[in-house]
Amino acid sequence: MSTQYNNMELMITIAARNLEDGAVVVVGTGVPCAAAMLAQKTRSPNLTILFEAGGVAPRLPAMPISVGDSRTTHKGIKATTMAEIMEMCQAGLVDYCFLGGAQIDRYGNLNSTVIGDYYRPKTRFPGSGGANDLASLTWRTLVVCPQSPRRFTDQIDFVTTPGYLTGGNAREEAGLPKGTGPYRVITDIGVYGYNETTRAMELRKLNPGRIVEDVNENSGFEILIPEEYGMVDPPTEEELRILREEVDPDKIIIGRG
Amino acid sequence: MSTQYNNMELMITIAARNLEDGAVVVVGTGVPCAAAMLAQKTRSPNLTILFEAGGVAPRLPAMPISVGDSRTTHKGIKATTMAEIMEMCQAGLVDYCFLGGAQIDRYGNLNSTVIGDYYRPKTRFPGSGGANDLASLTWRTLVVCPQSPRRFTDQIDFVTTPGYLTGGNAREEAGLPKGTGPYRVITDIGVYGYNETTRAMELRKLNPGRIVEDVNENSGFEILIPEEYGMVDPPTEEELRILREEVDPDKIIIGRG
Amino acid sequence: MEELKTGRGEIFTEMDSDSMRNYFRNKNKKLVSKETTVKEAVSQYIGNGDYIAIGGFGGVRIPTSVLHEIVRQGKKDLGFSGHVATHDCQILAAGKCFNRCDAAYIVGLEARGLSKHARKVFQSGDIKVTEWSNAALSWRFKAAAMGVPFLPARTMLGTDTFEYSAGKEILCPFTGNKLLALPALHPDVAVIHVNRADVYGNCQIDGIIVADDDIAKASKRVIITTEKIIDNEEIRNDPGKTIIPFWLVDAVIEVPFGSYPGNMPGEYFSDEEHLLEWLSVENDEERFVEFLEKNIYSCKNFNEYLMKNGGIEKMRKLRRLEKFI
Amino acid sequence: MEELKTGRGEIFTEMDSDSMRNYFRNKNKKLVSKETTVKEAVSQYIGNGDYIAIGGFGGVRIPTSVLHEIVRQGKKDLGFSGHVATHDCQILAAGKCFNRCDAAYIVGLEARGLSKHARKVFQSGDIKVTEWSNAALSWRFKAAAMGVPFLPARTMLGTDTFEYSAGKEILCPFTGNKLLALPALHPDVAVIHVNRADVYGNCQIDGIIVADDDIAKASKRVIITTEKIIDNEEIRNDPGKTIIPFWLVDAVIEVPFGSYPGNMPGEYFSDEEHLLEWLSVENDEERFVEFLEKNIYSCKNFNEYLMKNGGIEKMRKLRRLEKFI
């Protein structure tokens with residue numbers, strides 16, 4: 001491997017590869033936005049980027065600091081309301097959303113509300129924001145986060161945002177739109193999907209330089225290891241060049257890796 | 001009576017006097033629009049005129065031909081959707097609407113849908129349009145129409161638009177907003193209101209030159225005649241001048257009288 | 001508890017939000033040109049039996065060129081939403097193109113009077129009609145646009161309009177009050193005329209929107225005719241002005257004077273003479289047949305219709321009427 | 001049939017559509033000037049215990065001058081909707097102004113990090129919180145704006161966010177599918193900063209609207225601060241651009257740079273240094289007290305706050321950041 005890159009650069013690159021041309025994605029600030037920009041500048045020029053606060057398909061001049069700041073509508077196709085973006089999601093027009101969270105469980109449920117008792121929380125986090133909506137209403141939820149046993153836990157304190165809930169058909173039975181749900185979890189160790197029947201997290205691909213033991217050593221629950229799984233191709237020089245020179249020249253995001 | 005005027009001019013003038021300053025009114029083309037314009041130019045400069053198709057508070061340069069034509073937004077405050085106008089009504093912001101109809105019954109219910117059997121109508125009329133909505137959702141419904149026993153009938157073929165339905169509390173029991181309902185019927189003979197308890201039509205004022213017998217001779221149902229009722233003041237010269245010179249100089253509406 | 005009522009009317013369109021989600025998922029969302037011709041768009045996107053929604057307001061900002069082409073191509077058994085359908089309804093009635101209708105306002109032309117022919121069609125008993133009000137149809141489109149199967153409202157209750165609708169009475173889950181539930185309305189095709197659009201289908205509209213933002217979102221396919229095609233950069237210079245975004249749109253056609261004889265806000269006023277002529281010829285079967293032959297069937301395209309009705313000189317007059325009211 | 005669930009959270013605001021209709025009926029709808037001062041508007045229109053909704057998006061197009069004045073006047077026991085409440089929530093938390101909150105996004109400042117002080121307030125157990133999502137709060141405002149007591153949606157189902165909300169599961173009256181019912185949210189007061197308004201309260205907004213069209217309609221009283229006052233003729237020259245109409249508005253105040261240190265689309269970018277300073281001083285109780293004394297309590301008005309943070313020179317820089325991104 002001739003080219004050096006950090007975990008943040010790796011995760012952004014993998015995430016970008018998951019956004020096919022012609023797709024519609026709702027992104028937040030940071031990693032998701034960087035991944036979407038990288039995708040647009042590589043294999044997916046026709047990727048439509050939305051921001052939940054109302055920005056539609058801007059020509060992003062720089063990384064937004066807020067999902068509602070003026071960069072999110074710069075030379076955009078539409079500047080609208082949060083309700084209209086959410087209604088697009090509800091109507092089935094949006095393929096992907098990108099989320100993170102303080103905790104994630106084996107069914108892809110996310111916690112960004114509280115650690116500890118709800119009424120006397122040890123730690124209060126922001127709450128759902130748009131996460132619950134995007135995960136409920138877009139077709140596929142992508143999660144990007146570094147992996148640790150504390151974050152990957154079945155002792156999730158609060159289900160802020162739905163994954164497959166209790167697994168199996170639970171999600172659809174709860175009334176959430178058919179055919180939606182968690183799709184990929186992209187970490188510094190590997191890329192995970194969900195078992196078609198049980199809806200529990202399972203390995204899809206290992207990151208370069210990782211061994212399969214890393215997967216469950218860094219998870220509080222058991223991630224299924226199928227007989228066959230792939231290896232992530234390392235970021236190409238071209239991907240890294242565009243990411244570093246065009247997407248995030250000030251290293252606001254990739255500098256954290 | 002030194003000044004001559006026709007029935008149309010009389011009805012428009014009476015209608016205009018019912019629109020107090022600061023009120024909000026949804027109007028259609030024709031008489032309602034002329035009445036609202038006359039009110040604005042006389043005692044109610046702060047009358048806000050809405051058109052159900054989306055026009056808000058225009059400076060009307062001429063009589064609109066359609067409630068959606070470009071005159072309805074000329075130098076207006078807002079140009080919006082039909083849904084937004086209807087939602088303003090539903091939220092309780094709109095004081096008056098003006099309606100007509102092929103038939104009206106003693107409780108102020110209106111028919112503008114069919115004469116005869118619904119499935120094989122003798123005559124098909126346009127239907128509700130916005131009439132049902134405006135009568136359901138604005139505070140007070142004004143009806144302006146020439147009076148005849150055929151039009152004023154208890155054999156109404158179809159309740160397109162709600163008055164007090166079957167009278168008494170029927171309207172509120174049906175789920176329509178509290179405190180709303182028919183307010184005045186302005187005809188060539190008199191001005192009618194509704195009994196506070198039974199909600200049946202009753203005389204409020206007689207038009208100039210009319211006698212009380214004219215009321216029920218020109219109605220298919222019995223209009224209540226209370227012990228006390230008033231007399232309509234004839235249009236003033238000033239009202240007629242403004243109506244003829246400024247509101248409808250081409251005599252498009254008043255020419256029909 | 002008293003029984004809650006259901007209107008006896010029929011629902012003509014798809015109700016299931018999940019089916020519609022699948023449909024919208026598979027729409028092409030690439031920024032590609034959708035420029036085509038009126039002939040091609042009608043042939044490709046409107047099939048016999050389809051349910052269509054027409055933008056504008058009956059005689060204001062209507063897609064006349066497409067309506068004529070529907071008649072010319074002899075489309076049959078259409079459904080349509082009569083959400084103040086005036087001249088548009090009259091054109092489709094002339095071609096006997098439909099067999100069912102969600103009716104809020106039909107057969108009339110507002111202050112201009114009633115269409116004798118459209119009335120005859122509706123009085124024949126051959127057309128299935130479900131009654132609604134204007135707000136009800138607006139909110140049915142809005143429900144569809146929002147991706148929910150219904151919206152609650154406080155209109156139509158207690159009337160025959162409700163009785164012959166397909167609405168349902170419900171109780172508010174919070175207050176217990178009676179409300180009207182309106183089912184989402186998802187047309188197969190929307191046909192909308194706009195002031196400006198780029199080739200991808202991003203549209204700007206001047207004046208009232210009526211329900212066209214929601215109709216575009218509610219419909220499976222969207223045909224746009226536009227007074228003029230503008231560059232995508234113009235759209236991007238004022239993103240607050242985009243009413244219909246490209247991913248909803250299947251066809252874009254530049255049709256100057258495309259709302260004629262209707263009014264086009266900011267562009268030209270309605271041709272009242274021609275509209276009155278239309279109403280008048282309906283009184284005489286023979287004259288009506290000739291009139292339709294001249295104005296629709298024998299025209300190879302919309303320009304020919306414009307030329308037969310005064311051409312550039314007439315358009316200039318209607319522009320002046322609009323600009324110097 | 002399985003039992004339908006109800007969230008255990010509290011509804012903090014008026015639910016009855018008829019009561020709200022009576023309120024709106026009695027609002028003054030005359031076209032009269034509502035110009036006033038921030039001090040006067042806060043004193044007259046915001047009472048202790050009121051529930052407020054804040055326009056913009058936390059750190060974008062926020063009515064900072066009014067938020068500071070609320071703190072300065074020591075308003076207490078407010079409720080508020082945390083519909084991406086970031087710096088706005090942080091300001092109100094600094095003044096310990098509220099005791100209840102509809103929370104979708106609170107205590108954080110998006111990519112900038114979390115507010116230590118706001119978290120402390122929310123972790124104290126003294127604040128009643130009902131959970132929602134961003135879309136849920138948007139739709140709650142929309143229900144109120146539409147004049148209906150609830151709207152259906154397909155979000156939040158199956159999660160703890162639902163469990164701690166005040167939503168209800170319902171079945172669609174048409175399809176039988178499970179849906180979420182969201183109760184209308186009618187704040188006592190909305191406070192919204194806009195790009196341009198006339199003295200009557202007709203407002204134009206550049207860039208995203210977030211939920212401010214609906215918030216203005218949903219609220220009993222509306223306070224508008226505006227970058228500049230424009231003539232009513234400017235409003236009438238482009239009626240398609242009016243987002244908030246005058247009859248909803250109770251107070252209008254011209255406050256240039258009124259969203260500082262937030263971003264104002266089309267005008268100036270956010271002052272990230274000052275926002276980071278604010279986050280940083282929250283780590284030290286003493287420095288935080290001094291910081292608030294300097295930036296809020298000792299300021300006789302908003303201009304003084306701007307002067308203390310770089311004045312005209314700083315504003316010029318932020319304008320350049322916005323205009324030449």
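A note on names: the letters A, B, ... follow the listed sequences, proteins ahead of strands, and every chain is numbered from 1.
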(message) Would you say NZ of D:Lys128 has more than 12 non-hydrogen atoms from neighbouring residues, nucleotides or ligands within 6.0 angstrom?
(response) no
(message) How long is the straight-line distance from CD1 of D:Ile170 back to CG of C:Leu171, given to the nearest 0.5 Å?
(response) 11.5 Å
(request) Measure D:Ile205 against the heavy atoms of chain C and call it side chain, backbone, both or neither at under 4.5 Å. (result) neither
(request) Can you tell which part of D:Leu182 gets under 4.5 Å to a heavy atom of chain C, answering side chain, backbone, both or neither? (result) backbone
(message) Can you give me the closest heavy-atom contact between D:Phe174 and C:Ala181, atom names plus distance?
(response) CZ-O, 3.3 Å
(request) Tell me, for D:Ala166 versus chain C, whether the close heavy atoms (under 4.5 Å) come from the side chain, the backbone, both or neither. (result) backbone
(request) Against chain D, work out which of C:Cys172, C:Pro173, C:Gly207 has the most heavy-atom pairs shorter than 4.5 Å and name it. (result) C:Pro173
(message) At a 4.5 Å cut-off on heavy atoms, which part of C:Ile208 comes close to chain D: side chain, backbone, both, or neither?
(response) neither
(message) So if I take each residue of residues 140-158 of chain C and look for any heavy atom under 4.5 Å from a heavy atom in chain D, which residues do I end up with?
(response) C:Lys142, C:Met146, C:Gly147, C:Val148, C:Pro149, C:Phe150, C:Leu151, C:Pro152, C:Ala153, C:Arg154
(request) Examine whether an atom of C:Leu180 lies under 4.5 Å from a heavy atom of chain D, and if so say whether it belongs to the side chain, the backbone or both; otherwise answer neither. (result) neither
(message) Under 4.5 Å from any heavy atom of chain D, what part of C:Pro239 do you find: side chain, backbone, both or neither?
(response) neither
(message) Please output the residues of residues 8-20 of chain C in contact with chain D, using a heavy-atom cutoff of under 4.5 Å, in numerical order.
(response) C:Ile11, C:Met15, C:Asp16, C:Ser17, C:Asp18
